[in-house]
2 protein chains.
Amino acid sequence: MFKEFGSGGLGLADNSGARVAHSSELDALIALEHIGMRRSFTRDEEIYAEGDRSDCWFRVVAGTVRSCKLLADGRRHIPEFFFAGDSFGLDAADERFASAEAVGDVVVMRYPRGATERLLDERPELARRMCSATLRGLTHAHARMLLLGRMTATERVASFLLELAERRDAKRAVELPMSRYDIADYLGLTIETVSRVLSAFKRDGAIAVPSPHRIEFRDRNMLAELCEA
Amino acid sequence: MFKEFGSGGLGLADNSGARVAHSSELDALIALEHIGMRRSFTRDEEIYAEGDRSDCWFRVVAGTVRSCKLLADGRRHIPEFFFAGDSFGLDAADERFASAEAVGDVVVMRYPRGATERLLDERPELARRMCSATLRGLTHAHARMLLLGRMTATERVASFLLELAERRDAKRAVELPMSRYDIADYLGLTIETVSRVLSAFKRDGAIAVPSPHRIEFRDRNMLAELCEA
DNA sequence: CGCCAGTTTGACCAAGATCAACGCAAGTGG
DNA sequence: CCACTTGCGTTGATCTTGGTCAAACTGGCG
């Protein structure tokens, strides 16, 4: 069910686009790289906080980023994970709705908002790309609402594993860079439920779990059947 | 918590924008109106179906539209309602992810995709507006994920009432154009739970319900406290 | 070796779903 | 004009899924 992902890439690392960027587009992408700055973060470090001014956006170079939203009583929700090549932090409001944190060690490019907007004015092709990345993000958000609103715990975990596999282009196994807490808060469940569902999948021979952060697919069909609309 | 809404308007009916459109922008918006066609739909009529080619998008002129996603076993989810002034159906994928249906009698403007794209190429201001409407839609989607993933039934219904009131600019009372089924599928609950929560609010003096489709606020604070992050 | 964080497992509990009955107003047809 | 139906909405009783609380396991590291 997950054909569309994240806020997506913008093209440099984009291997899903049908056409190769022609030269003016390529120029634009190179120009974009010039206004960006490389930044590194370590595990659990905050890239930006809820309520910060959203005066820049990012692209993941390496590692995994989670965005987080906290409720007053401590309940946490993770609207999205971002992997290498994904953009994040491009926001309509000028205050951050959610924070962004490094799941492990992370390298990102940071693009200031002002310079980006000037660039977009000059390069309509780039603006187009940016817009369609946002649109893809919206599609993905809709798929996630369906998951959170109407799917069972089993279906959620199965969808999650397959989504991850597809995003990371993994056929036989998938690395889980995030903790059970992160997975639970992404899926609207508790760590115990996530753990139990994974154990059930293991029992049923759908997956193997050689280490808590690695899942091997044994019967991918079984998982796929669980989450098809 | 709901400061940002739907896929938003694009300007003609937009009273929230800080600046008045200057003349070239206005031209662009008028040009947009020229490529649109007025269409009417009656209660429960389908505006487009899941899987249709997404070769156009719409703006609601009057009435309420729901978008719908059906799971194989009949479970339904409503990712979004659209009211007068909201745009919908602008999609990244070229197949519709969800259908759109008229909640009651509805009038919409229909804009073909091709003509829109040509217009956007000529009018960067309009493209900018379009893009930021999409971005607002994404913010709203994130708020909805939080609701579906982490909020209780009581909090969901309270948020829903306040969201509706804010979107329709209603201070003391709000009209519910949709059925309890629609509300339930929007909030990831059942009709029974929605009904029970409304009854509880009534008992507690937070609202009055003179008719099933009209809610009057008696203690808005009580509702607000229930859903603040 | 023992500690610690993260994960798993088990026993129990509760929020919300399900199933079923009832209410109520708007049609409909005799 | 009044029975009868029909489509929603409400309420109540019971059940289930997933949450809560608590204990046990596991692998890495001082």
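Numbers restart at 1 for each chain; the letters A, B, ... are given by sequence-line order, proteins then strands.
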**Request:** May I have all residue pairs that pass ring pair (Phe, Tyr, Trp, His ring centres under 6.0 Å) and include part of residues 168-191 of chain B, sequence neighbours excluded?
**Result:**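 Only F81(B)-Y186(B), F160(B)-Y186(B) qualify under ring pair (Phe, Tyr, Trp, His ring centres under 6.0 Å).
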**Request:** Locate the shortest heavy-atom distance separating V61(B) from A84(B); write the atom from each residue and the value.
**Result:**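 So the two residues come closest at O-CB, 3.5 Å.
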**Asked** Looking at V65(B) and V103(B), what are the two nearest heavy atoms and their distance?
**Response**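 Shortest heavy-atom separation between V65(B) and V103(B) comes out as C-CG2, 4.1 Å.
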**Message:** From C-beta outward on A153(A), which listed nucleotide comes closest to its side chain: dG18(D), dG9(D), dG16(C)?
**Reply:**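 So the side chain of A153(A) is nearest to dG18(D).
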**Message:** So if I take every side-chain heavy atom of T190(B) and compare against dA17(C), dG9(D), dC8(D), which nucleotide ends up nearest?
**Reply:**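 Of the options given, the side chain of T190(B) lies nearest dA17(C).
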For residues 194-209 of chain A, which side-chain donor-acceptor pairs fall under 3.5 Å, sequence neighbours excluded?
{"from": "S199(A)", "atom 1": "OG", "to": "S195(A)", "atom 2": "O", "distance (Å)": "3.0"}

Mind checking what makes salt bridge (Lys or Arg N to Asp or Glu O under 4.0 Å) contact with [X], not counting sequence neighbours?
{"X": "D182(B)", "value": "R66(B), R76(B)"}
{"X": "R220(A)", "value": "none"}
{"X": "R150(B)", "value": "D185(A)"}

How long is the line joining [atom1] of [X] and [atom2] of [N], in whole Å?
{"X": "R150(B)", "N": "dA15(C)", "atom1": "CZ", "atom2": "P", "value": "16 Å"}
{"X": "L189(B)", "N": "dA17(C)", "atom1": "CG", "atom2": "C1'", "value": "10 Å"}
{"X": "D185(A)", "N": "dG19(D)", "atom1": "CG", "atom2": "P", "value": "11 Å"}
{"X": "D73(A)", "N": "dG19(D)", "atom1": "CG", "atom2": "P", "value": "15 Å"}
{"X": "M178(A)", "N": "dG6(C)", "atom1": "CE", "atom2": "P", "value": "15 Å"}
{"X": "I183(B)", "N": "dG9(D)", "atom1": "CD1", "atom2": "C1'", "value": "11 Å"}
{"X": "L176(B)", "N": "dC8(D)", "atom1": "CG", "atom2": "P", "value": "15 Å"}
{"X": "L187(A)", "N": "dT17(D)", "atom1": "CG", "atom2": "P", "value": "19 Å"}

**Prompt:** With sugar-phosphate meaning primed atoms plus P, OP1 and OP2, does R75(A) contact a base, only sugar-phosphate, or nothing at under 4.0 Å between heavy atoms?
**Reply:**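 Contact class for R75(A): none.
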**Asked** Considering only heavy atoms, which members of residues 191-215 of chain B lie under 4.0 Å from some atom of DNA chain C?
**Response**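 Per residue number, the list reads E192(B), T193(B), R196(B).
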